[in-house]
Colleague: 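Below are the structure tokens for one structure; questions will follow.
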2 protein chains.
Amino acid sequence: MARARRSFVPAYYQVAEYLSGEIENGRLKPGEAIPSESQLCERYGISRMTVRQGLNLLGEAGYIHSVPGKGSYVTVPRLDTIVIEFQEGRIEDGRRLEPQLIGVEVIEAEDWLAQKLGMAPGAKVVEFRRLSHLDEKPAAYELKYLPYRKGAPLVEREIRYAAFPALVARCCEKHLVKVRMTLYTGAAPADAAQLLGLPGEDGLALVLEQSVLAQDDRVLGWGSTYCVPEAYRLTAESDPFWKGI
Amino acid sequence: MARARRSFVPAYYQVAEYLSGEIENGRLKPGEAIPSESQLCERYGISRMTVRQGLNLLGEAGYIHSVPGKGSYVTVPRLDTIVIEFQEGRIEDGRRLEPQLIGVEVIEAEDWLAQKLGMAPGAKVVEFRRLSHLDEKPAAYELKYLPYRKGAPLVEREIRYAAFPALVARCCEKHLVKVRMTLYTGAAPADAAQLLGLPGEDGLALVLEQSVLAQDDRVLGWGSTYCVPEAYRLTAESDPFWKGI
DNA sequence: GAGTGGTCTAGACCACGCT
DNA sequence: GCGTGGTCTAGACCACTCA
């Protein structure tokens, strides 16, 4: 508990380690108050700013949170948020899918698409379709749309290999974009079902819908990926101290 | 750019706002260096610790990162990590599923299960099955397993309503657990397919596999949820500055 | 050697929650 | 009124990078 001498570990880090240890082994329980800053100063013989630096570390990691005028408390971990690392064109074990561009067109957006993209019906959009293979077998069919912009040439190489959000960002000249994704099991369009060789008359696939959004939530692009069942898995891990939303 | 006077906004916060604004509007581009700490001190007429507090905020948010001896740089956002808020027994729009406990048994683990749970084959495990309804229609079938522990009574109320990770945590007397989840479209077991009224001979469903892990990655519980296609969707948003893994 | 970020001090004043 | 955390200062020494 006393601060280790002759150590290259910074003092603030030792404070953080000590407290996170106490939390992990259960001596400090969720909801409980941790020692006050001045107590920690005294215990470790360090200044308050240094103690605060350590507590800040724990706060970032989500172990604790503080209430002005009262104290700092151990956070109750949340198990309902999970983080997925989703790499387009790459599956769980890191193997790469072989993408094949099977169509690029400028079309007029039908109503449903215009709505998804936040455009007027009939507006011009670029549609492109990709079919990706894994081990010579078709694994995913992608259908992507982004507003047509004169003078924003889409290089075929890019369309073929680039991840969709990055493509959209470059095309719209935005520096920061976000992605919103929806996952479900649903029917693939007939042509996709055929190309993917989906069994059954309803052609169920794992569907990943991606909306690429600007910082102000304006939709910049929309796409849908139909994945062959079983071939495509997503793994995710809980982020117990996520603080977003 | 100059620090606002007569403002109740803390100085460090103003520094952070100014810089994040510059990043968002693209005047500071990913990979570029931001002004040095001493430059910011001078510009705002504040001390270095205060500037650092502001930069720390941006660092936490993932906008910038620093390189000792060189400077701080605008981070290139990542679009390949997304965060899902997954609430067991609750769907996208917040509606609750009505759970129904349809079986609890102590069984001896078959090989595949023993492997999932990291136990010896034949070890005793508690199996329970739940069927959840949405609008009177079956929506999800859950199959969960956790090691049988003498003297750790499982209250029916809990089994029926509690989220699985929380149940496991309480049962194993662990304070901190993690969840690893895998999502895919796959075949449901025959009994599940029948109860859910899945169409087609292969009975495809959206499958959510959950492993509940201790901090040391030991498996504490394993479960699988089979969701009726289309009824169940997961939405996720990108976390452009996630720093994990 | 000049400049950078990383760590740390020993103070200060404030708003807040309690009692 | 006392203890809490939130903000802020004006210094300090260090290790590091780069010219």
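Every value quoted in this text rests on a predicted model; they were computed, and no experiment measured them.
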Colleague: Between G69(A) and T50(A), which has a closest nucleotide on DNA chain C that is more 5'?
Modeller: T50(A)
Colleague: May I have the distance from H65(A) (atom NE2) to dT4(D) (atom P), rounded to whole angstrom?
Modeller: 17 Å
Colleague: Please tell me which of the listed nucleotides, dA10(C), dG5(D), dT9(D), lies nearest to the side chain of M49(B)?
Modeller: dT9(D)
Colleague: Whole angstrom is fine here: how far is it from CD1 in I46(A) over to P in dG11(C)?
Modeller: 16 Å
Colleague: Could you tell me the separation between the CZ atom of R52(B) and the P atom of dT9(D), rounded to a whole number of Å?
Modeller: 15 Å
Colleague: CZ of R48(B) versus C1' of dC14(D): gap in Å, rounded?
Modeller: 11 Å
Colleague: Has S38(B) got a side-chain N or O lying under 4.0 Å from the OP1 or OP2 atom of dT4(C)?
Modeller: yes
Colleague: Go through dG5(D), dC8(D), dC8(C) for me and flag the one nearest to the S72(A) side chain.
Modeller: dG5(D)
Colleague: Provide, to the nearest angstrom, the distance between the OH atom belonging to Y73(B) and the C1' atom belonging to dG5(C).
Modeller: 10 Å
Colleague: Does the distance from a Lys or Arg side-chain N to an Asp or Glu carboxylate O, for K116(A) and E209(A), drop under 4.0 Å?
Modeller: yes
Colleague: For E142(A), is there an ion pair with R129(A) - N to carboxylate O distance below 4.0 angstrom?
Modeller: no
Colleague: Can you check the E42(B) CD to dA10(D) P distance for me, whole Å?
Modeller: 14 Å
Colleague: Can you tell me how far the CG atom of L131(A) sits from the CG atom of L101(A), to the nearest 0.5 Å?
Modeller: 10.5 Å
Colleague: Would Y63(A) and E24(A) count as having a side-chain donor-acceptor pair, cut-off 3.5 Å?
Modeller: yes
Colleague: Distance check: side-chain N/O of S47(A) vs OP1/OP2 of dC8(C), anything under 4.0 Å?
Modeller: no
Colleague: Could you give the CD-to-C1' distance, from Q39(B) to dG3(C), as a whole number of Å?
Modeller: 10 Å
Colleague: Choosing from dG11(D), dG5(C), dC18(D), which nucleotide comes nearest the side chain of K70(B)?
Modeller: dC18(D)
Colleague: Do the side-chain N or O atoms of S66(A) get closer than 4.0 angstrom to the phosphate oxygens (OP1, OP2) of dG5(D)?
Modeller: no
Colleague: Would you please confirm or rule out a distance under 4.0 Å between OP1 or OP2 of dT7(C) and any side-chain N or O of Y12(A)?
Modeller: yes
Colleague: Looking at dT4(D), dT4(C), dC8(C), which one has an atom nearest to any side-chain atom of S36(A)?
Modeller: dT4(D)
Colleague: Please check if the number of heavy atoms outside Y73(A) that lie under 6.0 Å from its OH is greater than 12.
Modeller: yes
Colleague: With respect to the side chain of E37(A), which nucleotide from dG6(C), dT9(C), dG6(D) is positioned closest?
Modeller: dG6(D)
Colleague: Atom CG of L40(A) to atom P of dT4(D): distance rounded to whole Å?
Modeller: 11 Å
